[in-house]
Structure formats: structure tokens, C-alpha cells
Amino acid sequence: MTSARNAEFVRGLGADEVVDYTARPFEEVVHDIDVVLDTVGGDTFRRALATLRKGGIMVTIVAFPEGEEAKAHGVRVKRAFTVANAGSLQAITALVEAGRVTPHVEKTFSLVDVKTALALSAAGRVRGKIVLTI
Ligand SMILES: NC(=O)c1ccc[n+]([C@@H]2O[C@H](COP(=O)([O-])OP(=O)(O)OC[C@H]3O[C@@H](n4cnc5c(N)ncnc54)[C@H](OP(=O)(O)O)[C@@H]3O)[C@@H](O)[C@H]2O)c1
């Protein structure tokens, strides 16, 4: 799921089907999903519960509204946290070197421009990652 401006980018990453969440509510067109990865939270998290099949799982990397809603939909919710350590960085490096993960860098900034980098990140439209060079 993405906005139309990123549709081709997402297809390039391997998506077979792209849903433009700005065109219509995604829960009207997406059903019976096994796994949803939530990177948005809030209302999007709540609406995405309805897209899962019974017994499906929502994995979220952001804060989500706690409550009984997931149980009512017959789905599970798990929160995932990134652990930045040498072991996980080596594992990611191996995936990149094997060509199984292709990082996309939106923009590179020098450290003196960190405020501009943070503002770009806070705008919520970044495609991939922002890199700071030190
Ligand atoms: N738990 C952890 O360990 C962990 C690790 C890393 C990040 N996070 C958190 O995860 C969240 C996402 O991080 P991020 O790096 O992906 O950066 P982000 O800047 O929040 O995400 C930007 C992307 O999200 C898309 N987007 C924005 N609103 C959307 C919506 N309503 N529905 C669908 N897509 C939407 C945008 O695409 P369009 O422009 O096409 O809308 C853009 O490409 C952040 O809150 C971050 O703090 C958590």
C-alpha cells in the first residue's frame, strides 16, 4: 500500500499489486490477508485489522491503540523493535551483499545539515532512508 506517486517504485521492489491508499479506503479493496506489517499506527492500524483473515497477524513497528479490537477480529498483534548491534548489522549486511535486500537512499546530508535531515524525516514522505555522513 502506498500513494500513487510511489506506485512504480513499490512495483520495482517486487509488489505484484499496489493499492493507492489516497484513492479510496484500503480496507474496501484488501481482504483475507495473512500478515500485515504496520508502519503507520493510529487509525491506519485500526482499519487494517479488518483486512486480515481470521487467525492472521498484524506486526507493528509503531505504537498502536491497545484494546480488545484485535481479539474481536480474531487476529493477533505483535510489536517488533529494531535492535541495533553488531550481530544484527552483520546479518543485514549479508542480506544486502547477497542481493536479497536493496536499500534505497532518498538523500545524503552532512552532519552540519542534520536539522534539514530531521525536518525531511518528520515530513513523513521519505522513500527509503536518509543518510548522515560524519
Ligand atoms: N519499532 C522499531 O524498531 C522501528 C524501527 C524503525 C522505524 N520505526 C518507526 O516506524 C515508523 C515508520 O518509519 P519509516 O522509516 O518508514 O519512515 P516514515 O517517514 O514514517 O515513512 C515514510 C513513508 O511512509 C509512507 N506513508 C506515510 N503515511 C502513510 C499512510 N497513512 N499509509 C501508508 N503509507 C504511508 C510514505 O509514502 P507515501 O508518501 O506514498 O504516503 C513514505 O514513503 C516511524 O514512526 C518510525 O519511528 C520503528
Side-chain angles (χ1 to χ4, degrees):
M1 183 174 76
T2 188
S3 65
R5 78 184 181 99
N6 283 320
E8 279 317 302
F9 174 69
V10 170
R11 276 195 192 93
L13 296 175
D16 295 321
E17 222 175 299
V18 177
V19 174
D20 175 6
Y21 73 89
T22 64
R24 59 191 290 195
F26 61 84
E27 64 273 31
E28 287 181 6
V29 284
V30 181
H31 303 284
D32 296 318
I33 299 294
D34 295 321
V35 182
V36 170
L37 175 62
D38 169 41
T39 64
V40 179
D43 188 49
T44 298
F45 168 91
R46 200 172 278 118
R47 288 163 48 211
L49 289 172
T51 67
L52 284 158
R53 66 164 170 79
K54 289 235 178 313
I57 184 164
M58 171 97 76
V59 179
T60 179
I61 61 166
V62 292
F64 63 93
E66 304 271 1
E68 296 298 305
E69 264 182 280
K71 214 181 271 177
H73 283 278
V75 302
R76 292 167 296 149
V77 177
K78 293 278 176 206
R79 178 112 190 245
F81 292 93
T82 306
V83 180
N85 57 33
S88 58
L89 289 175
Q90 276 161 6
I92 292 169
T93 302
L95 290 171
V96 172
E97 286 177 351
R100 296 180 61 195
V101 171
T102 307
H104 180 83
V105 176
E106 162 102 24
K107 203 159 179 184
T108 300
F109 293 91
S110 61
L111 193 55
V112 289
D113 293 322
V114 66
K115 272 177 81 174
T116 312
L118 286 171
L120 179 63
S121 172
R125 297 272 83 85
V126 170
R127 201 187 265 182
K129 291 291 172 193
I130 296 169
V131 172
L132 279 180
T133 53
I134 298 172

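In listed order, ligands and their atoms are each counted from 1.
Within the 4.0 Å cut-off (strictly below), a protein heavy atom is located near atom 37 (O) of ligand 1. For atom 45 (O) of ligand 1, a protein non-hydrogen atom is found at a distance below 4.0 Å. Checking atom 17 (O) of ligand 1 against the protein gives no heavy-atom contact under 4.0 Å.
The distance from ligand 1 to the heavy atoms of V62 drops below 4.0 Å at these ligand atoms: 9 (C), 10 (O), 11 (C), 45 (O). For ligand 1, the atoms sitting less than 4.0 Å from at least one non-hydrogen atom of T39 are 11 (C), 12 (C), numbered in the order shown with element in parentheses. With ligand atoms numbered from 1 in the order given, ligand 1 contributes 37 (O), 38 (P), 39 (O), 40 (O) to contacts under 4.0 Å with heavy atoms of N6. Counting the atoms of ligand 1 from 1 in the order shown, those under 4.0 Å from a heavy atom of V126 are 22 (C), 23 (C), 42 (C), 43 (O). Close approach of ligand 1 to M1 is summarised as follows: ligand atoms under 4.0 Å from at least one heavy atom of the residue are 32 (N), 33 (C). Close approach of ligand 1 to T2 (heavy-atom distance below 4.0 Å) involves ligand atoms 40 (O). If you number the atoms of ligand 1 from 1 as listed, the ones under 4.0 Å from a heavy atom of R5 come out as 39 (O).
Residues A80 and V59 share a closest heavy-atom pair of CB-CG1, 3.9 Å. Looking at every heavy atom in both residues, F45 comes nearest to M58 through O-CE, 3.4 Å. The two atoms that bring V126 and L120 nearest to each other are CG2-O, 3.6 Å, heavy atoms only.
In this structure, S121 contributes its side chain and A117 its backbone to no donor-acceptor pair below 3.5 Å. With E106 contributing its side chain and G128 its backbone, the two residues share no donor-acceptor pair below 3.5 Å. A distance-only check finds a donor-acceptor pair linking the side chain of T133 to the backbone of F109 [under 3.5 Å].
If you look at V40 next to ligand 1, the close heavy atoms, those under 4.0 Å, all belong to the side chain.
Side-chain heavy atoms closer than 4.5 Å link hydrophobic residues (I, L, V, M, F, W, Y) into clusters, and following such links, possibly through other members, connects Y21 to V29. V35 and V62 fall within the same hydrophobic cluster, where Ile, Leu, Val, Met, Phe, Trp and Tyr residues are linked whenever their side-chain heavy atoms come under 4.5 Å apart, directly or through other members.
The closest heavy-atom contact to atom 6 (C) of ligand 1, among the options T44, D20, V83, T82, comes from T82. When the heavy-atom distances from atom 27 (C) of ligand 1 to R79, R125, E106 are ranked, the shortest goes to R125.
A side-chain contact (heavy atoms from CB on, under 4.5 Å) with V36 holds for exactly one of V30, T51, L49; it is T51.
Where the criterion is an N or O separation shorter than 3.5 Å, residue side chain and backbone included, I61 meets it with respect to ligand 1.
Using a 4.5 Å heavy-atom threshold, the side chains of I92 and V101 count as separate.
Separation of atoms NZ (K78) and CG (L37) is listed at 15.0 Å; rounding is to 0.5 Å.
In this structure, K129 counts as a contact residue of ligand 1, since one of its heavy atoms falls inside 4.0 Å of the ligand.
Considering only non-hydrogen protein atoms, atom 19 (O) of ligand 1 sits nearest to G124 CA, 3.7 Å. The closest protein non-hydrogen atom to atom 40 (O) of ligand 1 is S3 OG, 2.5 Å. Closest to atom 29 (C) of ligand 1, if we only count protein heavy atoms, is Y21 OH, 3.3 Å.
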